[in-house]
Amino acid sequence: MAAPLDDKTRSIVKACVPALEAHGLDITQEMYKRLLADPEVRDLFNMSHQKDGEQPKALALAVLAYARNIDTLGNLGGMVERITQKHVGLNILPEHYPLVGKALLGAIEHVLGDAATPEIMDAWAKAYWFLADILIGREKQIYDEHEAAPGGWIGWRSFRVRSVTQESSIIRSFELVPTDGKPVMKHLPGQYLSFKLDIPGHGSQRRNYSISSAPSSDHYRISVRKEEGGVVSSWFHDVVREGTELQVSAPAGDFVYDSANEQKTVFLSAGIGLTPFISAVDALSADEKKYVRFIHGAHAADTNAFGADIRKLADAGVLRADIFFSAGLPSDVVEVPGIHYHAGRITKDWLTTQIDPGAVYRLCGPDGFMRDMVDTLKTAGVPVANIRYEFFGSAADAELLAAV
């Protein structure tokens, strides 16, 4: 376990909060510039998050949160767990941490200039390694759990695409089985798989995709939305076929649905954000006697995935559903027991009329959608502890972080 930081170090780190508020993004952008100059290190990252600025923004917010909470690090438990889960999915190892530390400290000194006194740099070196030791320790625990689990593994494992299913005009599902023919580790609903891909013309790529199938020791399924200009999503749609082999790491992620401890759950999603919830509801049965509400927003009928699955679950009495179509109600839509269809988007006004303060609300979708939904839930009196969410990509919107 990492030795506690001394009072002087914590005091210096706290005093740097204004500088981080003003220059945090400059520091993380400089850090990644230094770090990604090494091709082997660059291959560890999802480079799309560098191009759109998500990764530097997310790290800047994390460093700022660390400095603000240096006296009360228990407040950062959720953030630390999300980071370690991401690292495990990408197979980050202890030997990578000195490289990151050198780049970060060098960036701080470069951006702050004369203000980065030896005393300040010494404090940040201690603070960095204190946090690094915590992350390394937790990551080892997760790696050990993966190695010991039935069907589990560490590192990259070869999988073959067993089937491809067109779920909607823009979403395809890919069912994956290990090429060694052995069982796989049962995932927890809400977890994701990480992929190491080699895309012709684009080189090594890393991506995470939520598992959209119920837990199984036989296979996994991911569902990929084709994004305009998306290198990896387009490759999945245009190139990947039955028989394609992919390198995959073990299921990771802390956004897991615990059906045993949630008697009332509302799944609230938009777009491709429904995939982790499909994994959760597919694992339920009517005899569990739980209250499950599924609220989802899609653009139109042709882009709405898993509609048949939801109808089947509603018919079986597993859940109640509300499906919204922002492009307008399809002309051929037919109301079925347990499902209501709506024209338009999921609005704050509508959601306010549906609030159950005793339910756990699980959110996944675009940041703007989640920010609106979180604000509505809080205003309506839903306890913060009952609002759970998953971000797309790596960026954490500052307002949303503050809201939950």
Inter-residue atom distance Lys140.NZ - Thr84.OG1, 0.5 Å rounding: 14.5 Å
So with a 6.0 Å cut-off around NZ of Lys348, is the heavy-atom count from everything else above 12? yes
Is there side-chain contact between Leu377 and Leu363, with heavy atoms separated by less than 4.5 Å? yes
Return the CD to CG distance between Gln354 and Asp322, rounded to the nearest 0.5 Å. 6.0 Å
Side chain Thr179, main chain Ser158, donor-acceptor under 3.5 Å: yes
Is a side-chain donor or acceptor of Thr376 paired with a backbone partner of Asp372 at a separation under 3.5 angstrom? yes
Please check if atom CD in Glu95 has more than 12 non-hydrogen atoms from other residues, nucleotides or ligands closer than 6.0 Å. yes
Any side-chain to backbone donor/acceptor pair from Ser233 onto Glu227? Under 3.5 Å, distance only. yes
Checking Asn69 side chain against Ala65 main chain: does a donor-acceptor pair fall under 3.5 Å? yes
Using the six-membered ring wherever Trp is involved, compare the ring planes of Phe324 and His342 and label them parallel, tilted or perpendicular (cut-offs 30° and 60°). parallel
Answer with yes or no after comparing the ring centroid distance for Trp235 and His202 against a 6.0 Å cut-off, counting only values under it. no
Between the main-chain N or O of Asn208 and the side-chain N or O of Ser194, is there a donor-acceptor pair closer than 3.5 Å? no
Determine whether the aromatic ring centres of Phe174 and Phe236 lie less than 6.0 Å apart. yes
Glu119 atom CD: more than 12 heavy-atom contacts under 6.0 Å: no
Gap between atom CD1 of Ile108 and atom CD1 of Ile120 - 0.5 Å precision: 9.5 Å
Any chance you could measure Leu20, atom CG, to Asp26, atom CG, to the nearest 0.5 Å? 11.0 Å
Is atom NE2 of His96 surrounded by more than 12 heavy atoms (other residues, nucleotides or ligands) closer than 6.0 Å? yes
Between the CD atom in Glu139 and the CG atom in Asp144, the distance rounded to the nearest 0.5 Å is 12.0 Å
After noting the C-alpha distance and the side-chain angles of Ser204 and Arg206, does the key distance pass the side-chain contact (heavy atoms from CB on, under 4.5 Å) rule? CA-CA 7 Å; Ser204 182; Arg206 299 290 186 275; 2.7 Å; yes
Hey, does the side chain of Gln191 reach the backbone of Gly253 with a donor-acceptor pair shorter than 3.5 angstrom? yes
Taking the basic N atoms (NZ, or NE/NH1/NH2) and the acidic carboxylate oxygens, is any pair closer than 4.0 Å for Arg371 and Asp367? no
Quick note, salt bridge (Lys or Arg N to Asp or Glu O under 4.0 Å) partners involving residues 165-178, not counting sequence neighbours, are Arg162-Glu175
Could you tell me whether Lys264 and Glu262 have a side-chain N and a carboxylate O separated by less than 4.0 Å? no
Tyr220 vs His187 aromatic rings, parallel, tilted or perpendicular, using cut-offs 30° and 60°? perpendicular
For the side-chain contact (heavy atoms from CB on, under 4.5 Å) test, which of Ser216, Ser210, Ser213 pairs with Arg221? Ser213
Backbone N or O of Trp350 within a donor-acceptor pair of the Thr347 side chain at under 3.5 Å? yes
Could you give all pairs that pass the salt bridge (Lys or Arg N to Asp or Glu O under 4.0 Å) test and reach residues 229-241, with sequence neighbours left out? Lys226-Asp238
Give the ring-plane orientation class for Phe267 versus Tyr257, where under 30° counts as parallel, over 60° as perpendicular and anything between as tilted. perpendicular
Can you tell me how far CD1 of Ile278 sits from OG of Ser223, rounded to the nearest 0.5 angstrom? 8.5 Å
For a quick test of reading the model, state the closest non-hydrogen atom pair linking Ser169 to Thr303 and the distance between them. OG-CG2, 3.5 Å
Cationic tip of Lys86 within the cone over Tyr192's six-membered ring, i.e. under 6.0 Å and within 45° of the normal? yes
Ile323 side chain reached by Ile339 side chain, heavy atoms, under 4.5 Å: yes
Using 4.0 Å as the upper bound for N to carboxylate O, is an ion pair formed by Arg157 and Asp180? yes
